[in-house]
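Reckoned from all heavy atoms, side chains included, excluding hydrogens, waters and symmetry mates. Reminder, nothing fancy here: chain letters follow the sequence lines and each chain counts from 1.
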Number of protein chains: 2
Amino acid sequence: MKLDPVDRTILVALQEDGSLTNAELAERIHMSPSACLRRTKMLQESGLIAKTVALLDPRLAGLPGTAYVFVTLDSQGRASLDKFEAAVRTVPEITECYLLAGQSDYLLRIVYRDTTDLERIHTEILTPLPGVVRVQSTLTLRAVKRTTKLPI
Amino acid sequence: MKLDPVDRTILVALQEDGSLTNAELAERIHMSPSACLRRTKMLQESGLIAKTVALLDPRLAGLPGTAYVFVTLDSQGRASLDKFEAAVRTVPEITECYLLAGQSDYLLRIVYRDTTDLERIHTEILTPLPGVVRVQSTLTLRAVKRTTKLPI
DNA sequence: TTTGAAAACCAACCGAA
DNA sequence: TTCGGTTGGTTTTCAAA
């Protein structure tokens, strides 16, 4: 899939505001609505535009806290990893999970309401995850930047 | 702002698919389109629904890599932090930046095309950021989970 | 909740490069 | 042949009844 400059303009605009109507988007990029729609649908059907979602304000949602947590497992066999990962996927407070290079450690991103909530997540959710032997949290004081935009 | 179960249902649905038409959303939550629209608009005007955006597939966008980078500054004065943060906000490859507790360190999330690109970002972008004395990268091998959904 | 006018969508078709 | 523009029937929106 190759993108021309017009495609990139569309992607930049829709990453910024996915609620733009086709007519608005077409006007912004100086193109007729039908041509614009054709390109946008192509970008969606190709999967490059994976989905469009509503983003909530974390503060107003009562979830102002973000923590990154390094987790070490007791075993790095395929079965252990699969079991851990399956469990991770069911926990809504874990918004991201990455397998790290090296000693089969994972990095988790956690969202939480307050320190009491973080403590609960730590003891009642993270520590009991299958195979976990160590949990090391990195608290964030303040989000300086947070974007879902990819630099196309 | 207090949310009743119907509001939560709307938020769950729109975090999953922000391109739902009001008619579709109304049917899904077994409500009349007008009542559904009223609630959705309220959630938008309150700011709880902050925006709706298109999410791109990182692989198809040619940006499959994610790295987390810890950065240490040489000075933790207000001016130094402000200068660093202003620079961070202009770098599209930095998708997230958090101020950490402790020694005025920052945690950055970086997206990149390949290891060559990561090297470029490291030497040409991160190291020259104002006030930086140390840059420590944590590479991710694989994304196990990644969601924008907040657990309301 | 219903309704109806305005807006947007989108598939089919046309023309130019 | 491909890409943008135009048309018109259908769907959606959204505020008033």
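Computed from coordinates, the Glu27(A) CD to dA8(C) P distance equals 10 Å when rounded to whole Å. Rounding to whole angstrom units, CD of residue Glu45(A) and C1' of dC10(C) are separated by 12 Å. Asn22(A) places its CG atom 9 Å from the C1' atom of dC10(C), with the value rounded to the nearest Å. Atom CG in Leu20(B) sits roughly 15 Å away from atom C1' in dT13(D) (whole-Å rounding). Note: CG (Leu25(B)) to P (dT12(D)) measures 13 Å, nearest angstrom. One atom, CD of Glu24(A), and another, P of dA8(C), lie 7 Å apart when rounded to the nearest Å. Distance, Arg39(B) CZ to dT13(D) C1': 19 Å, rounded to whole Å.
The one candidate from Leu100(B), Leu81(B), Thr72(B) that meets the side-chain contact (heavy atoms from CB on, under 4.5 Å) condition with Tyr106(B) is Leu81(B).
For Ser34(A) and dT6(D), a side-chain-to-base donor-acceptor distance below 3.5 Å is present, hydrogens and geometry of angles not being considered.
Residues Leu126(B) and Ile94(B) have side chains in contact (heavy-atom distance under 4.5 Å, counting atoms from C-beta outward).
Comparing Ala23(A) and Arg38(A) by the nucleotide of DNA chain C whose heavy atom lies nearest to each, the residue mapping closer to the 5' end is Ala23(A). Where Leu37(A) and Met31(B) meet DNA chain C, the nucleotide closest to each residue was compared, and Met31(B) sits on the side nearer the 5' end.
Residue Thr21(B) is in sugar-phosphate contact alone, with no base atom involved, counting any heavy-atom pair closer than 4.0 Å across all strands shown.
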Verdict with supporting geometry, Arg142(A) and Glu85(B), salt bridge (Lys or Arg N to Asp or Glu O under 4.0 Å) | CA-CA 12 Å; Arg142(A) 174 164 58 84; Glu85(B) 294 176 12; 2.8 Å; yes

Apply salt bridge (Lys or Arg N to Asp or Glu O under 4.0 Å) to Lys51(A) and Asp17(B), showing your working.
-> CA-CA 7 Å; Lys51(A) 59 196 311 197; Asp17(B) 183 355; over 6 Å; no

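Phosphate contact (OP1/OP2 of dC9(C), side-chain N/O of Lys41(A), threshold under 4.0 Å): absent.
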